[in-house]
There are 2 protein chains.
Amino acid sequence: MKLSTKGRYGLRAVLDLAVQTEDEVIALSQIAERQGISMNYLEQLIAKLKKAGIVNSIRGAQGGYSLALPANQISVGDILRALEGDLAPVDCSEINNSDSACSNADLCVTKYVWKRISDSINDAVDGIMLSELVEVSRKVQAEAGTSDTNRSKQICGQ
Amino acid sequence: MKLSTKGRYGLRAVLDLAVQTEDEVIALSQIAERQGISMNYLEQLIAKLKKAGIVNSIRGAQGGYSLALPANQISVGDILRALEGDLAPVDCSEINNSDSACSNADLCVTKYVWKRISDSINDAVDGIMLSELVEVSRKVQAEAGTSDTNRSKQICGQ
DNA sequence: TTAATAACCAAGTGAATTAATAGGAATTAA
DNA sequence: TTAATTCCTATTAATTCACTTGGTTATTAA
């Protein structure tokens with residue numbers, strides 16, 4: 001019941017992008033270095049984010065990535081679902097869509113449990129907008145100053 | 001972000017036990033057969049449930065398992081945490097307890113996201129008591145009758 | 001035009017985790 | 001004493017994860 005590094009790294013990467021971005025694009029190598037994530041691995045994650053319409057890219061020299069939408073129109077749920085896929089606790093089509101692929105639907109009691117977990121997770125992550133994290137992040141960085149020791153702490157394994 | 005078979009099988013096993021039990025104990029082999037789960041594997045799961053004080057056991061011939069508490073005093077959260085461990089979306093001690101093992105605590109912005117997801121999951125599962133599932137299960141079984149085709153449907157992969 | 005930069009893409013790999021399987025020891029009722 | 005049952009540990013097969021490798025394509029600046 002854990003998020004993979006896809007979700008954890010990916011959210012940090014988007015947040016980094018959101019904090020840094022001022023119109024221009026940011027090279028992935030910068031994000032990778034700041035966040036201490038392998039550049040090649042991060043490529044795979046950002047590909048998912050691009051596919052989901054969360055980031056835009058510009059190719060070639062001086063290229064990079066930017067948010068595809070204002071930060072207040074991107075939810076943590078959008079980001080995590082793009083990276084992790086469906087956030088439901090089990091793979092059961094009944095939980096998410098209405099077409100009954102699960103033949104045991106009527107008799108599957110635990111389904112209601114998974115549905116409630118699923119709904120609560122999605123409600124939680126959809127209720128947090130990226131802009132909110134950007135604000136918190138800016139506030140925290142302002143308080144912490146810009147000394148090297150503090151800056152290094154901004155790289156958090158989770 | 002998926003539950004393992006531990007949580008899925010284990011919850012079904014406890015529910016089975018709760019539905020079947022009338023004072024006496026139930027042999028694990030019966031639960032395993034009804035639920036279509038390997039007996040040996042189920043042993044490992046029920047050991048966790050016993051350790052967590054959710055079920056009691058009686059050894060020897062005619063022995064078996066029973067609920068250690070009334071079904072309305074056992075939450076789905078108790079069961080899932082016993083089987084899966086902590087239900088938080090990341091392994092970060094900061095999320096659960098108050099002693100600050102995570103040195104990046106102050107600067108870890110995504111921590112607040114994990115905390116909110118964690119809380120929402122735990123609230124959801126702690127709000128569902130086993131007795132509620134037993135009721136739904138009995139109702140569904142009454143509606144479905146006891147024909148062989150319907151009974152087989154009660155075994156649901158999820 | 002060329003070199004550098006940076007996004008894009010697909011396949012492979014090693015480690016870790018999961019999901020069992022296997023086999024036996026201890027306990028108890030009949 | 002025997003069959004049934006829980007209890008315990010170790011091993012293994014399969015799967016998933018977390019990268020790594022090795023490119024290609026597009027764009028810009030010199």
Side-chain angles (χ1 to χ4, degrees), chain A residues 1-13 17 20-21 24-68 80 83-86 89-91 157-158, chain B residues 1-13 17 20-21 24-33 35-52 54-68 80 83-86 89-91 157-158:
Chain A
M1 200 55 182
K2 295 279 177 274
L3 284 171
S4 69
T5 54
K6 292 197 194 85
R8 304 206 317 268
Y9 292 0
L11 178 59
R12 279 164 54 204
L17 188 58
Q20 301 299 325
T21 258
E24 85 279 23
V25 297
I26 308 280
L28 203 58
S29 55
Q30 288 179 39
I31 299 176
E33 196 185 5
R34 259 196 304 269
Q35 297 298 325
I37 300 170
S38 142
M39 163 78 180
N40 282 319
Y41 190 43
L42 198 49
E43 271 181 353
Q44 295 171 31
L45 308 188
I46 203 120
K48 288 170 185 277
L49 292 165
K50 192 187 173 186
K51 205 171 172 188
I54 291 168
V55 301
N56 283 332
S57 65
I58 294 178
R59 298 185 69 166
Q62 319 310 315
Y65 293 92
S66 59
L67 295 183
L80 291 182
L83 293 159
E84 295 273 340
D86 187 25
V90 296
D91 278 324
Q158 305 300 349
Chain B
M1 201 53 183
K2 295 281 179 274
L3 285 171
S4 69
T5 54
K6 291 197 194 84
R8 304 208 315 270
Y9 292 180
L11 178 58
R12 278 165 54 205
L17 188 59
Q20 300 299 326
T21 259
E24 85 280 23
V25 296
I26 307 280
L28 202 58
S29 56
Q30 288 179 38
I31 299 176
E33 196 185 6
Q35 297 296 326
I37 300 168
S38 140
M39 163 81 181
N40 281 321
Y41 190 43
L42 199 48
E43 272 181 354
Q44 293 172 34
L45 308 187
I46 204 119
K48 288 170 184 277
L49 293 165
K50 192 187 174 186
K51 205 172 170 185
I54 292 168
V55 302
N56 283 330
S57 65
I58 294 179
R59 298 185 70 169
Q62 318 309 315
Y65 292 91
S66 59
L67 296 182
L80 292 181
L83 294 159
E84 295 274 337
D86 187 24
V90 297
D91 278 325
Q158 304 301 347

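Letters A, B, ... are given to chains in the order of the sequence lines, protein chains preceding strands, and every chain is numbered from 1.
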Atom CG of B:Leu45 and atom P of D:dT6 are separated, to the nearest Å, by 14 Å
Validation row: A:Gln30, A:Gln20 side chains within 4.5 angstrom (heavy atoms) = no
Interatomic distance, A:Leu42 CG vs C:dC8 P [rounded to whole Å] | 12 Å
Of all heavy-atom pairs between B:Lys6 and B:Leu45, which one has the smallest distance, and what is that distance?
-> CG-CD2, 3.7 Å
Determine: side-chain N/O of B:Lys50 to OP1/OP2 of D:dC7, distance under 4.0 Å, yes or no.
-> yes
Respond yes when some side-chain nitrogen or oxygen of A:Ser57 is under 4.0 Å from OP1 or OP2 of C:dC8, and no when none is.
-> yes
Is a donor-acceptor contact shorter than 3.5 angstrom present between the side chain of B:Arg59 and the base of C:dT27?
-> no
Could you state the CD1-P distance from A:Ile58 to D:dA29, rounded to the nearest angstrom?
-> 12 Å
Find the distance A:Leu83:CG to D:dC17:P and express it as a whole number of Å.
-> 13 Å
Do A:Leu42 and A:Gln35 have side-chain heavy atoms sitting under 4.5 Å apart?
-> no
Closer than 4.0 Å, any side-chain N/O of A:Ser38 to the OP1 or OP2 of D:dA18?
-> no
Contact under 4.0 Å: B:Tyr41 side-chain N or O vs D:dA13 OP1/OP2 | no
Closest non-hydrogen atom pair, A:Gly53 against A:Ala68 | O-CB, 3.3 Å
What is the distance from CD of B:Glu33 to P of D:dT5, rounded to the nearest Å?
-> 12 Å
Toward the 5' end of DNA chain D, which comes first, B:Gln44 or B:Met39, by nearest nucleotide?
-> B:Met39
Nearest of D:dT6, D:dA29, C:dA30 to any side-chain atom of A:Gln62?
-> D:dA29
OP1 or OP2 of D:dC19 less than 4.0 angstrom from a side-chain nitrogen or oxygen of A:Tyr9, does that happen here?
-> yes
Length of the line joining A:Tyr65:OH and C:dT5:P, which is rounded to integer Å | 17 Å
Check if the side chain of A:Glu43 and the base of D:dT20 share a donor-acceptor pair of N or O atoms closer than 3.5 Å.
-> no
Quickly work out the B:Met1 CE to D:dC17 P distance and round it to whole Å.
-> 13 Å
State the CG-CG distance between A:Leu17 and A:Leu49, to the nearest 0.5 angstrom.
-> 9.0 Å
Is D:dT21 paired to anything, Watson-Crick or G-U wobble with both distances less than 3.5 Å, and if yes, which nucleotide?
-> C:dA10
Pick base, sugar-phosphate or nothing for A:Ile46, based on heavy-atom distances below 4.0 Å to the nucleic acid.
-> nothing
In whole angstroms, how far is the C1' atom of C:dA10 from the CG atom of A:Asn40?
-> 12 Å
Identify, between A:Ala61 and A:Ala47, the residue whose nearest nucleotide on DNA chain C lies closer to the 5' end.
-> A:Ala61
